[in-house]
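Report on the following structure.
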Protein chains: 2
Amino acid sequence: MSVGGPSGWPALLFLLLAMVLSFFCSAKSIDDERDELLKREAMVRLGGQLVLKKEEEDVNGKLMALKRAEIMEAMKTQKFPPSMHFFQAKKLIEKSEVFHVLKKMPKGAALHLHDFGILDMDWLVKNVTYRPYCHMCITPRGTLRFKFALPISPAPKKEDCSKWILLENYRKELQNVTEFDNGLLKTFTLVTENPEVTYADQDDIWTKFETIFFTISGLVHYAPVFRDYIIRGLEEFYLDNVIYLELRAMLHPVYELNGKTHDKEWCVKTYKEVADQFAKDHPEFIGLKIIYSDHRSKDASFIKKSVRTAMALRNRFPKTVAGFDLVGREDTGHTLYDYKDALLIPSLEYVNLPYFLHAGETDWKGTSIDNNLLDALIMNSTRIGHGFALNKHPAIMEDLRKKDIPIEVCPISNQVLKLVSDLRNHPAVSLMAIGQPMVISSDDPGFFGAKGLTYDFYEGFMGLGGMDADLRTLKQLAFNSIKYSAMMPAEKEAAMKTWEKIWDKFIVDQARK
Amino acid sequence: MSVGGPSGWPALLFLLLAMVLSFFCSAKSIDDERDELLKREAMVRLGGQLVLKKEEEDVNGKLMALKRAEIMEAMKTQKFPPSMHFFQAKKLIEKSEVFHVLKKMPKGAALHLHDFGILDMDWLVKNVTYRPYCHMCITPRGTLRFKFALPISPAPKKEDCSKWILLENYRKELQNVTEFDNGLLKTFTLVTENPEVTYADQDDIWTKFETIFFTISGLVHYAPVFRDYIIRGLEEFYLDNVIYLELRAMLHPVYELNGKTHDKEWCVKTYKEVADQFAKDHPEFIGLKIIYSDHRSKDASFIKKSVRTAMALRNRFPKTVAGFDLVGREDTGHTLYDYKDALLIPSLEYVNLPYFLHAGETDWKGTSIDNNLLDALIMNSTRIGHGFALNKHPAIMEDLRKKDIPIEVCPISNQVLKLVSDLRNHPAVSLMAIGQPMVISSDDPGFFGAKGLTYDFYEGFMGLGGMDADLRTLKQLAFNSIKYSAMMPAEKEAAMKTWEKIWDKFIVDQARK
């Protein structure tokens, strides 16, 4: 027998013990490593650093149980709304219990909306086109136009329609008015049963998209409708638990029945008056601001004028006009760099004109269009409209974070306009995972068959957030919408208090369930 | 007149000068800021730190001119191959001049391939099923099976087919053999004219995908075909300017005409012999290695055995067997965490068994499946198969970078298997933009109607890289494929020299054009 050092039976036992120990240590350390990695990711996630109160934790538990159940079910059925086209997913979404919680949730503000895209188009058909003196015509290109007028002028402009018909009379002669109205509704939205077939590419859908703006223009710019549209719009968002809006608005002339037209100042004043009245009638509603916008198809010389108009409007209505933006399709429009000289005017003249520039609403990485993101950053944009391409730009991402400039993510819009099909591949998924400053908005819900903000919050929560986004993410998104709004510090403080109050009420209500 | 301080005319002149100066300074500084941002992004991009030689710069110039022209054209026509389904894009890709340059480019190694998915399926139909003694049958489930055998055993197994037919005789009786052969080819690949309609969801396509492996199994596991398949496979990649392969291989039994079967050791030996001979016949070809793989549908107890088999095989063939992996659909299979105990065996026994784990081949962020990425990292995987979900995991991304562990990106596979439709939304776009370690591979080109590696390089260069990925990105990808291979240091050094030689020749050839 040897002495010193383990050998024979004791040695075997020792070895066995070492193996057992090493096994358990290893196994444990792997779980520790996992936990540590999971925690690291949870901490940087959007909202990951929020500490929830006891009641919020309870509500979160319930919400996450619903969410988990719905995702597990979708994994089985292979029918997951965020991975389907919104037109086909909408009915499924409306059946989701998560959706109904989100609907009730105070979502704060909607910061990326376009003037006449915010309202369910049904109202335009069923209410507006039924008003007296509503005329319709078909242009030589086959698109509809509308006009309210007492005596129809028999001398239309060259590109205009040759024959205006009074809808009141026309409907009387129709055998099937419902069919006609449904046809109108189809003309007013992008919604279709089979969008992949209807819209072969982005050109197709953008053509229809811009046509809708043209078509409804004669309806919404009629002064009484203009007013009502704003009221109805505010109402729709208010009912969707949104308390404040910022609208990109082109401020085209608004006309009266007698042919008289109103200018941009009148428009802003009307927005302000209507919103103020609405806020009085609805104590938890804060209001709206206008981001004056021009179309990026225009030549730089025109945009110079628009920038000056924006400066003047902001000077005249500092509380209502938040700043300036350029709208329209980025892929075919002028780049921000093309407009450099125009956009530099305010800073050269030491005037403060905040920008809220659309940028990166493109799939064409590395092109001059894609560089809009770069220029939006350099032009010191207060927020970035869409920023869809942002995750492809590490330096811009970094600088936007440093400057705390958020992107305005509009999931349904991006999907409908064919930038991405399965929203689980939306670039904001990775941005949400690192807590990049962002808000969620709905762009033109009326055009997409959506309503308010909840549908986009659903897509954001379920599709962009994945299984691990929870109430923290949602609370952060709502919080961000006020934090990154164009409200002035005192307004913001008041809005935050209002939102906190209704948030707490929401939590109490949900906790009771 | 006042004295002191500019006033009157001089003051106006001074103001004018100041404005002009300030304008130019501002304008300049904006261009400077742009350049700086662009440079910062260029530096971190995959390959961004490579310094090209003079001739390479020239070739890069030519290549980028072609690329720019093709992208500009696609922006007009809205027909951009990477944004279309590969089955529909293939013919367009083959017309691309960029594609033809990439075909000639020495791409280094293909590191993510599956044993019987590497070869154009046409060969199986036109060559293998025409060999003597090839029998076919249809299982009760309606799938085809094949078997080479001298006398057909009249006693098939329960789940097997009831009636085997000799193809030689069967074809003689057919009126239209071409039609039959085309039918076979359709059965052997996923290719279809309208993939969105044919495959409604991932379940559909994965069912067909796994069925193909089952169907061709009896063909490719027949010993003479097994040998020939390897030779043809190497040839196909060699002709595509790939000099080294790593194959995930299941090493199922290989059979002879007389019924005798060969075991895993025989398979590995055959792979080695065939590859050695091929390398002798083709001086610029390096060889292949095998990553022994089992299916993630199996219970953990089976996987324990497989890990031991892998350890034994690697011990017996250290130069040929590189390590171990788990294959099959992640969404429906066991997670790596389920296999934790099996995967820990080597380290507990102080045996080195490198892992090349599939992980993150999923759209289900935040689920237990998605956590495979976490466990692949913790299990110290040498590379990550696919890593499709990686950009959603900042902590894992960071640690993989620190450890210099690459992901194996297979763009066409990810698209065909319905993880993403427009490849410009592939998660690797953002990873390429930050220079995350990666290689590009083709997974199962034979199943997808692709060939070799060039189609995936095309998608990577045009789709993932966008307009700003250039020859640096391509060179880095080729370089990475050798750097991150499982070759031993001396082998790697030799391979790198070989690749550099043919790369330089490619540059000279291209520069001359």
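Side chains are part of it too, since the values below use all heavy atoms of this structure and drop only hydrogens, waters and symmetry mates. Proteins come first, then strands; the chains are lettered A, B, ... in the order of their sequence lines, and each starts at number 1.
Note: B:Leu37 CG to A:Leu374 CG = 5.0 Å, rounded to the nearest 0.5 Å. Rounding to the nearest 0.5 angstrom, the gap separating the CD1 atom in A:Ile369 from the CE atom in B:Met467 is 8.5 Å. Rounding to the nearest 0.5 angstrom, the gap separating the NZ atom in A:Lys392 from the CG atom in B:Leu464 is 10.0 Å. Between the CD atom of A:Glu33 and the CG atom of B:Asp375 there is a distance of 9.5 Å, given to the nearest 0.5 Å. Distance check: B:Lys340 NZ to A:Arg34 CZ gives 8.0 Å after rounding to the nearest 0.5 Å. Taken to the nearest 0.5 Å, the NZ atom of B:Lys76 stands 14.0 Å off from the OG1 atom of A:Thr332.
When every heavy atom of A:Val429 is checked against every heavy atom of B:Lys365, the shortest pair comes out as CG1-CD, 3.7 Å. Nearest heavy atom pair, residue A:Pro394 against residue B:Ala433, reads CG-O, 3.5 Å. Taking each heavy atom of B:Gln78 and A:Arg329 in turn, the nearest pair found is NE2-NH2, 3.4 Å. Considering all non-hydrogen atoms of both residues, A:Asn425 and B:Leu419 come closest at ND2-O, 2.8 Å. Residues A:Asn391 and B:Ser430 come closest through the heavy atom pair O-CB, 3.1 Å. In terms of heavy-atom proximity, B:Glu41 sits nearest to A:His393 at OE1-ND1, 2.6 Å.
For B:Lys39, no part lies under 4.5 angstrom from a heavy atom of chain A. If you measure heavy-atom distances from B:Leu377 to chain A, the contacts under 4.5 Å come from the side chain alone. For B:Val420, the parts sitting under 4.5 Å from any heavy atom of chain A are the backbone and the side chain alike. Both the backbone and the side chain of A:Met75 have a heavy atom closer than 4.5 Å to some heavy atom of chain B. Interface remark: B:Ala469 contributes no atoms to any contact with chain A (heavy atom separation under 4.5 Å).
No side-chain heavy atom of B:Asp422 sits under 4.5 Å from any side-chain heavy atom of A:Lys418. The shortest side-chain heavy-atom distance between B:Phe80 and A:Asp201 does not fall under the 4.5 Å cut-off.
Atom CD of A:Gln88 is surrounded by more than 12 heavy atoms from other residues, nucleotides or ligands within 6.0 Å. Counting non-hydrogen atoms of neighbouring residues, nucleotides and ligands closer than 6.0 angstrom, the NZ atom of B:Lys403 exceeds 12 such neighbours. Counting non-hydrogen atoms of other residues, nucleotides and ligands closer than 6.0 Å to NZ of B:Lys208 gives a total above 12.
Annotation: maximal heavy-atom pairing with chain A below 4.5 Å, among B:Asp204, B:Asp331, B:Ile396, occurs at B:Ile396. Among the candidates B:Asp468, B:Asp370, B:Ile434, the residue making the largest number of heavy-atom pairs closer than 4.5 Å to chain A is B:Asp468. For chain A, the option among B:Tyr337, B:Phe388, B:Trp364 with the highest count of heavy-atom pairs below 4.5 Å is B:Trp364. Put simply, of B:Met432, B:Met43, B:Glu398, the one with the most heavy-atom pairs under 4.5 Å next to chain A is B:Glu398. Here A:Gly465 is the residue among A:Gly465, A:Pro427, A:Ala389 with the most heavy-atom pairs under 4.5 Å with chain B. Comparing A:Val44, A:Leu431, A:Asn371 by how many heavy-atom pairs each has under 4.5 Å with chain B, the most go to A:Asn371.
Using a 3.5 Å distance cut-off with no hydrogens or angles, the side chains of B:Ser421 and A:Ser421 do pair a donor with an acceptor.
The pair B:Arg40-A:Asp399 meets the salt-bridge criterion, since a charged nitrogen lies less than 4.0 angstrom from a carboxylate oxygen.
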